[in-house]
Amino acid sequence: MPKYVYRFCEGDKDQKDLLGGKGANLAEMTKLGLPVPPGFTVTTDACRAYLRDGEVPDELAVQVTRALREVEEELGRQLGDPDDPLLVSVRSGAKFSMPGMMETVLNIGLNDSSVEGLAKVSGDSRFAWDSYRRLIQMFGKTVLDVDGDLFSSALDTKKSDRGVTMDYELSVGALQELVSEFKEIVRKETGTAFPQDPREQLDLATEAVFRSWNTERAHIYRRREKIPHDLGTAVNVCTMVFGNMGETSGTGVCFTRDPSTGRAGVYGDYLVNAQGEDVVAGIRNTLSLADLEELDKVSYDELRAAMRRLETHYRDLCDIEFTIERGKLWLLQTRVGKRTAGAAFRVATQLVDERMITIDEALTRVTGEQLTQLMFPQFATGAERDLLTRAMPASPGAAVGKIAFNNEEAQAMAEAGISCILVRRETNPDDLPGMVAAAGVLTARGGKTSHAAVVARGMGKTCVCGAESLDVDAASKTLRVRGHDGVFTSQDTIAIDGTTGEVFLGDVAVVDSPVMTYIHSGLEKALEAAPDEDTRELVLAVDRLMQHADSVRRLSVRANADTPEDARNAVARGAQGVGLCRTEHMFLGERRQFVQDLILASTDEERVAALAALLPLQKGDFIEMMETMDSKPMTVRLIDPPLHEFLPDLTELSVKVAVDKANGVLDPADEELLHVVRAHHEANPMLGLRGVRLLLTMPGLIELQVRAIAEAAVERLRVGGNPRPEIMIPLVGSVRELQIARDRAQKVLDEVSEESGMDLSFPIGAMIELPRAALTSEHIASEADFFSFGTNDLTQTTWGFSRDDVEGSFFGHYTDEGIFGVSPFETLDRDGVGQMVRIGAEGARATKPGIKLGVCGEHGGDPDSIQFFHSVGLNYVSCSPYRVPVARLEAGRAVILDEVQDEAQATA
Ligand code: ADP
Ligand code: MG
Ligand code: MG
């Protein structure tokens with residue numbers, strides 16, 4: 001019989017797969033002897049079984065009974081006992097933390113009689129009845145699916161009837177009335193009474209947590225965070241402790257370092273006389289940890305000791321949920337805390353300086369994704385700005401957009417390509433779709449630990465929260481700002497600065513971030529430009545980790561650059577070469593005419609003339625590129641796209657010819673062109689006459705391109721340059737294709753070499769982007785000096801779909817159905833396309849052990865894919881110039897992560 005239930009004292013932090021993150025960490029804290037209320041965890045296995053079979057496994061009930069009895073014995077109380085009830089919370093907790101995704105139900109075990117017992121034992125009827133109404137409210141909403149607004153409006157009505165503004169001002173009588181009203185709501189909405197049996201409450205809540213794994217919100221979050229949909233969640237059943245037992249009680253959240261800036265030193269929010277999510281919901285304003293020290297020194301000291309203990313134990317920034325019940329501290333949750341990108345870099349290097357981790361480990365604590373975020377632009381400080389208000393900077397970045405008051409508006413604007421800022425009084429999990437769609441989030445209530453702040457940070461989305469001078473009226477879709485005239489609507493543009501907390505009216509210009517300045521102009525310049533100590537520390541941290549990544553990485557990083565400007569940008573960002581210089585643009589624009597002439601040529605003379613016209617132009621392009629990339633390798637891909645891209649559109653031309661003919665003004669040249677266009681028309685150009693196929697069938701094309709490269713190189717050599725072109729043949733499928741192309745290219749190189757007396761021994765290689773090429777790589781390698789995996793096309797050809805046709809149509813459906821976790825064009829599909837790369841690489845090395853292997857295509861800049869390319873042992877990745885720093889960092893991380901994995905395998 002599988003073990004579905006683990007007491008907190010049985011597990012540990014390494015069992016996240018089975019116990020979920022929350023459960024594993026509750027177990028770990030219990031093991032460390034920290035004050036955790038007793039409880040147990042129902043495993044993700046049980047959840048998966050439930051999701052598979054549609055019902056809870058039989059053995060589960062039995063195991064829950066046993067674990068519950070043990071907790072009851074330990075505490076000397078029984079669940080829902082009428083005289084002295086044990087109450088529990090039922091909390092979800094998946095392997096990866098999903099803030100606000102899964103619902104938690106508190107105060108399970110209360111019913112019409114145990115509420116009296118709780119009142120008596122606690123000596124506080126108000127507290128007991130308040131807890132009961134919270135249970136019915138939370139249970140009704142999350143377990144029974146009753147519309148939560150029904151409860152909250154009943155609560156609001158009650159408050160206004162009684163002339164009070166705060167929940168805690170309601171009298172016992174009022175709360176008792178509310179409980180009756182809430183029960184009535186449940187009866188009316190569900191057709192059955194609120195369950196009075198404590199165990200039934202527990203079982204129903206557990207099942208509801210299982211079910212909540214599949215809510216839309218959960219799906220959206222997982223898709224965004226690339227969390228697989230089949231993990232399932234664990235359920236934690238935890239003895240209730242009460243922060244709402246009066247002035248000596250309270251509840252809070254704290255961080256061992258500031259998760260927003262990364263500044264060293266503890267950070268936290270505390271709310272007196274409150275329970276559960278009151279802090280996170282930002283309903284009232286919170287106190288700081290320093291305030292707590294004044295209020296309750298003993299609990300504060302104990303908390304600080306626990307924080308230090310946890311940070312040392314986890315060797316990382318931890319966040320902690322705690323509750324103080326009548327002066328006694330309880331820890332309810334901890335985890336390695338989410339943080340902003342900037343905080344990640346700063347905390348990682350702080351921990352190195354504090355000798356808590358090594359510099360290698362520090363590299364595993366930051367990601368390419370985070371580096372990307374730090375490169376986002378910021379608002380220009382000099383720009384004219386109309387400051388509306390200033391509030392809590394919760395998640396950095398600069399966002400400008402129209403005001404969106406709800407999900408629908410935000411999603412509609414996003415779809416229409418209009419940038420928007422989601423403006424809410426406060427957010428809750430229902431606002432997630434709007435947060436995803438918006439460029440930034442602005443709330444009127446709540447602190448750095450509010451839902452809006454936590455979720456936005458997790459998404460890397462700009463967020464300003466707790467802007468109390470805002471009066472957000474979601475119903476009428478208007479925004480007023482205290483001290484400011486006027487009413488703002490969805491027509492108005494605002495700008496929010498998640499680093500300073502400022503909110504501006506209208507458009508504000510944006511500039512480079514400090515990290516971007518560092519990447520462009522180097523450490524010294526970036527430090528000079530840094531406005532404050534925080535920025536200096538951040539730039540230094542990034543520099544240190546980038547340098548370390550560069551020193552350990554095995555993969556070189558090149559860039560895909562077609563123009564000298566792109567190439568310069570890439571080199572400035574640390575590119576060690578160009579991995580893909582496309583030559584299509586050399587045939588476009590005004591030059592298109594020459595290509596048309598070439599295609600239309602009916603005699604050798606005409607063809608030679610067209611080629612001769614193109615040669616100096618292409619040569620000029622190459623000279624400039626070679627100058628920019630002097631001494632660095634530069635892979636030039638010969639022309640790849642199908643011919644029709646250079647010819648007029650078939651339909652348009654047909655219409656023109658028909659119309660002209662009818663009007664008697666037909667130009668015979670047009671008619672002939674139409675004839676040619678028709679002849680070259682393909683049903684599926686992506687799989688038609690292109691790449692090497694075109695090069696082999698169109699006389700003179702290879703010769704033209706190779707001559708342009710060779711003559712450009714000669715010019716560079718003559719002025720003392722060091723050109724290093726590598727000639728790449730696209731879309732090779734058979735060794736014979738490559739052989740013919742290669743011979744023709746080599747012949748031109750030899751000719752130009754002869755003419756100039758210069759040594760032009762440039763490598764000639766193949767782009768591997770067809771399954772056949774990968775599968776026959778052993779043969780193809782015999783004719784290639786290098787391989788470059790074109791993983792975009794390789795993905796298309798391996799899957800048999802064209803990106804343009806599929807991404808917009810059924811990919812959403814496919815990710816929803818879990819057919820891919822993430823688009824295979826974004827992250828390399830390791831099992832399929834990756835396998836092609838692996839086979840291709842192994843085959844090539846079998847033939848030529850030293851052959852240079854690289855990858856070009858967007859995957860070369862994708863963190864996860866880079867890890868894979870490293871593990872396959874490629875020599876370089878090539879990505880867009882903008883992603884070069886990310887690729888450098890990820891290539892360094894890959895080395896360390898590999899070692900960590902090897903060690904884990906060695907000890908397993
Ligand atoms: P989340 O995953 O959203 O953080 P939690 O399970 O941690 O959800 O619970 C939500 C809130 O309820 C938190 O503030 C938590 O501290 C509080 N809470 C959960 N269990 C208990 C308990 N046994 N006693 C008191 N408060 C609890
Ligand atoms: Mg929590
Ligand atoms: Mg291609």
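Hydrogens, waters and symmetry mates play no part in the numbers below; they use all other heavy atoms, side chains included. Start at 1 and go down the list; that is how both ligands and their atoms are numbered. The first residue of the sequence shown is numbered 1, and numbering continues consecutively from there. Everything numeric here is computed off the predicted structure, so don't read it as measured data.
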Do [X] and [Y] get their side chains close enough for a donor-acceptor pair, meaning under 3.5 Å?
X: S153; Y: D156; answer: no
X: T443; Y: T427; answer: no
X: R304; Y: Y300; answer: yes
X: D84; Y: Q78; answer: no

Greater than 12 external heavy atoms within 6.0 Å of K120's NZ: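 Open: at most 12 neighbouring heavy atoms sit under 6.0 Å from NZ of K120.
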N or O contact, T323 vs ligand 1, cut-off under 3.5 Å: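 Checking ligand 1 against T323, no N or O pair falls under 3.5 Å apart.
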Donor-acceptor pair, side chain of T256 and main chain of C318, under 3.5 angstrom: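 Yes, because the side chain of T256 sits within donor-acceptor range (under 3.5 Å) of the backbone of C318.
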Side-chain donor/acceptor of R222 to backbone N/O of W213, under 3.5 Å: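 Yes; at least one donor-acceptor contact below 3.5 Å.
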Which atoms of ligand 1 have any heavy atom of [X] under 4.0 Å away?
X: L332; result: 16 (O), 21 (C), 22 (C), 24 (N), 25 (C), 26 (N), 27 (C)
X: C238; result: 23 (N)
X: L106; result: 12 (O), 18 (N), 19 (C), 20 (N), 21 (C), 27 (C)

Region of M240 engaging ligand 1 - heavy atom pairs below 4.0 Å: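 Contact part for M240 vs ligand 1: both backbone and side chain.
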Which segment of T104 sits under 4.0 Å of ligand 1 when only heavy atoms are counted: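 The answer is the side chain of T104.
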Would you mind finding which of [options] brings a heavy atom closest to [atom]?
atom: atom 1 (P) of ligand 1; options: Q275, K22, R91; result: K22
atom: atom 20 (N) of ligand 1; options: A274, P38, S89, G93; result: S89
atom: atom 15 (C) of ligand 1; options: Q333, E325, R335, E321; result: E321

Short N/O/S contact of T104 with the Mg ion (ligand 2) (below 2.8 Å):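 No - counting backbone and side chain alike, T104 has no N, O or S atom under 2.8 Å.
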Angle, OE1 of E321 through the Mg ion (ligand 2) to OE1 of Q333 - 10° precision: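 For OE1 of Q333 and OE1 of E321, the angle centred on the Mg ion (ligand 2) reads 80°.
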Test: R335 and D319 ion pair at under 4.0 Å: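 So R335 pairs with D319 through a salt bridge.
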